[in-house]
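Throughout, a chain's letter reflects where its sequence line sits, starting with A, and its residues are numbered from 1.
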Amino acid sequence: MDFLTIIQVLDGTIRLAIPLLLACLAGLFSERAGIFDIGLEGKMLMAAFFSAAVAYSSGNAWIGLLAGIAASMALSAIHGIASITFRGNQLISGVAINFLAAGLTVLIAQDWFSQGGRTPQLSGAARFNAIELPGALTRIRDIRDAGPFMQLYSELISGHSILVYLGFLTVPLTWWILFRTRFGLRLRAVGESPEAVDTAGVSVVGLRFAAVAICGILCGIAGAYLATAIQAGFTKDMTANRGYIALAALIFAKWRPWYALYACLLFGLFFAIDNRFQNIEFFGIGLPVQFMQSLPYILTVVILAGFVGRAIPPRAGGEPYVKER
Amino acid sequence: MPDTQPPAIELRGISKAFGPVQANKDINLSVKRGAIHGIIGENGAGKSTLMSILYGFYKADKGEILISGQITHIPDSQAAIAAGIGMVFQHFKLVQNFTVLENVVLGAEDGALLGPSLSKARKELTALAAEYGLDVDPDALIQDIGVGMQQRVEILKALYRQADILILDEPTGVLTPAEADQLFRILGRLKEEGKTIVLITHKLREIMEITDTVSVMRRGEMTATVETATTSPEALAELMVGRKVLLRVEKKPAKVGALVLEVRDLKVTDDKGVQKLRGISFDIRAGEILGLAGVAGNGQSELLEVLGGYQKAKGTIRMNGEEIDLTGRHSDAQSRRARGIAHVPEDRHREGLILEFQAWENMAFGYHNDPKYQKNALMMDNDAIRADTAEKMARFDVRPPNPLLAAKSFSGGNQQKIVLAREIERNPDLLLIGQPTRGVDIGAIEFIHQQIMRLRDEGKAILLVSVELEEIMSLSDRIAVMFDGQIMGERLPEKTDEKELGLLMAGMAGEAA
């Protein structure tokens, strides 16, 4: 395995980690505020469809992105009303959102485009195209002949869509909001002890809706990235359970932004390895392709089974806030 | 001219219902500025509800609130804070994994960024600490500090928000006597500074000790407001219950018999690896009550769990001379009952009863294999259980005496009587009883204490675990004090006082005393 191959795998890691990361941070905002959100998957899927559909008809990826965010936030609002206003069961609301998104996207896609539940291929400005940083080589042959630093720069650092760079920026931004602002303090407090927030004279409902709205925005970007940056259009169930893997990554990351980045990169790496190598030799034993494909999911199960040390979720997570009687 | 000043708080005709339950009925109350005003009443009398209304936590159905003579509308806590009201709830409203500083600042930040707020609060806390003797480490996490400290944080929160009126709901429930005295000193200082303090409690001693005036509540109504100096504990108790109450149980000299329970070097380590019991040894003989005093969380619960058969332990326990299995197949509650150990657990809602189940079902728990309860090899004789329950309810004066009522529908005192009836009526050799009167009204306390005494006079051995020092002092024949998983010392009730026990409870070995 030469250096360029490693870089190419890492490049794939980044591409595949970004949607996970955005969804994971979306979940982080929601769960830190005490609202469990199993509906990340559905929100991403809805956003993927609407961003692709609107990007196709407008010819502008940015308008598509806004449409994706709006679609995702609409689902967030449903989740918020069900679990905050009506104090419903957060898991059931999330599952319902996933079902709704899975069915509705295909149904509308078929109705609008009649292409078997997908959107037409996007091209040109309807997609978020790769940004070549200054001085980066673009042709494969040039990269192959370049030195390792140039290879690293051109292949790994340069050549991603704007959403990738934005995605990475959300990590320090999330950290800063959570730990350096008044909003962050209150957000963390409401997920730990809503009664402390309430008696301090701050609205529990307002904070939780704000968190759920941010969750919607980030899921919207994640979905748009899938449909208008990685892929060129929406296909049925294109989120491929990334929403659930993001939740696993969130637990792995113990609800912390920087750990979330590392966790998502790890998952991204598994997906990238699987994409790159169909068969892999491991100490002389050929591992079948199915094993490689299932690796991220095996990791998910291992994480969820609690093999990575005790992860303490926000104390009030999943519990609707009711003033005690 | 203090008399021309409007009262700090005036409540007029406050009413509040939760569904069919009328928690507050047409309450009028006036609290003088700069006074410490006590509100006393039994559990469920409506004290906490009334104060929660004042703090904007609940909305009153009717009535108005005047703060310093001004009609003030308090729809939420924000409004209460703005009106200069601070509240220290019985269950602290703190974020466990935040620092003291973060908890103080939460909701009272100065701007969108945290940094300036935190450094301002840090300075302010130092000033408040100096002024009122409220020292706390601003950077400590709440989960790492004791309840006494946590309570200080709650008071600091209120003062940081510039509260003039401070409401404290049952503030001494979790404190050692020494910590309670310290709290009272702080309250005294606050009073000197002109703050108005409302103290909600069910402890008569505290009312007598610290308040200037006292209001008594019973069943949602304000029954009286009197100057503390002109009343007595007996008179207040009568106002609370509505009839004469015996505050002290009659105690005949103990007729101590054979050794019943022998505990040697008992050790328990919890699943986090923390040692909860560090080598406990004691004896209990027939016909005596060993009172185990201590602040909650110093290993008393674990000790009861071990003796009751649902916590494994190292060490030796002998019951009537025979060794008890502490780790193996016979270390369960069933085997303990078979040995003549009855257990009235500390937390009757979690361990004593299933609240959703009816009284007769609860009466059978743990004794469901009783041959009397079986119809045949397969079926239980529910009629027999109900009849038995009705009989026991009558003997223990459970109200209402209806075996078909769900356990949750009974008041705290009557729930406790159900558990007590179930355990005592089995004629055990040893009764384990934890917090027998927690959340129990004064009238029922009297009855429960009499039952415990009756059992002792019948020659049973009794282990009484309670955080209420008064209860321990009045019932026990011997008193052992627990601190940090150890027994700090044993005293005779007639040869000790609350002060000495308080020192032991705080972990200070009192050999010199």
(message) Applying ring pair (Phe, Tyr, Trp, His ring centres under 6.0 Å), can you list everything that pairs with A:Phe128, at least two apart in sequence or on another chain?
(response)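 Ring pair (Phe, Tyr, Trp, His ring centres under 6.0 Å) check on A:Phe128 returns A:Trp62.
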(request) List in chain and number order the residues that pass ring pair (Phe, Tyr, Trp, His ring centres under 6.0 Å) with B:Tyr55, two or more places apart in sequence or in another chain; answer none if no residue qualifies. (result) B:Phe89
(message) Under 4.5 Å from any heavy atom of chain B, what part of A:Arg315 do you find: side chain, backbone, both or neither?
(response) side chain
(message) Can you confirm whether more than 12 heavy atoms, excluding those of A:Arg256, are under 6.0 Å from its CZ atom?
(response) no
(request) Tell me, yes or no, whether the heavy-atom count around B:Gln90 atom CD, taken from other residues, nucleotides or ligands under 6.0 Å, exceeds 12. (result) yes
(message) Checking B:Thr269 now: which residues fulfil side-chain contact (heavy atoms from CB on, under 4.5 Å) with it, not counting sequence neighbours?
(response) B:Gln275
(message) I need the residue from A:Val202, A:Thr199, A:Asp198, A:Val197 with the largest number of non-hydrogen atom pairs under 4.5 Å to chain B.
(response)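 The residue among A:Val202, A:Thr199, A:Asp198, A:Val197 with the greatest pair count is A:Thr199.
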(message) I need the minimum non-hydrogen distance between B:Lys93 and A:Ala196, along with the two atoms involved.
(response)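 Looking at all heavy atoms of both residues, the shortest contact is O-CB, 3.2 Å.
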How far does [atom1] of [X] sit from [atom2] of [Y], to the nearest 0.5 angstrom?
| X | Y | atom1 | atom2 | answer |
| --- | --- | --- | --- | --- |
| B:Glu109 | A:Phe183 | CD | CZ | 12.0 Å |
| B:Leu106 | A:Arg186 | CG | CZ | 7.0 Å |
| B:Gln143 | A:Glu192 | CD | CD | 8.5 Å |

(message) Only heavy atoms, only distances under 4.5 angstrom. Which residues in residues 68-83 of chain A are near chain B?
(response)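 Residues qualifying by a heavy atom under 4.5 Å from chain B are absent, so none.
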(request) Check the pair A:Thr181, B:Leu113 against side chain to side chain contact (heavy atoms under 4.5 Å, CB included), reporting the backbone distance first and the verdict last. (result) CA-CA 4 Å; A:Thr181 69; B:Leu113 292 185; 4.2 Å; yes
(message) Please classify the contact between B:Asn97 and chain A as side chain, backbone, both or neither, with a heavy-atom cut-off of under 4.5 Å.
(response) both
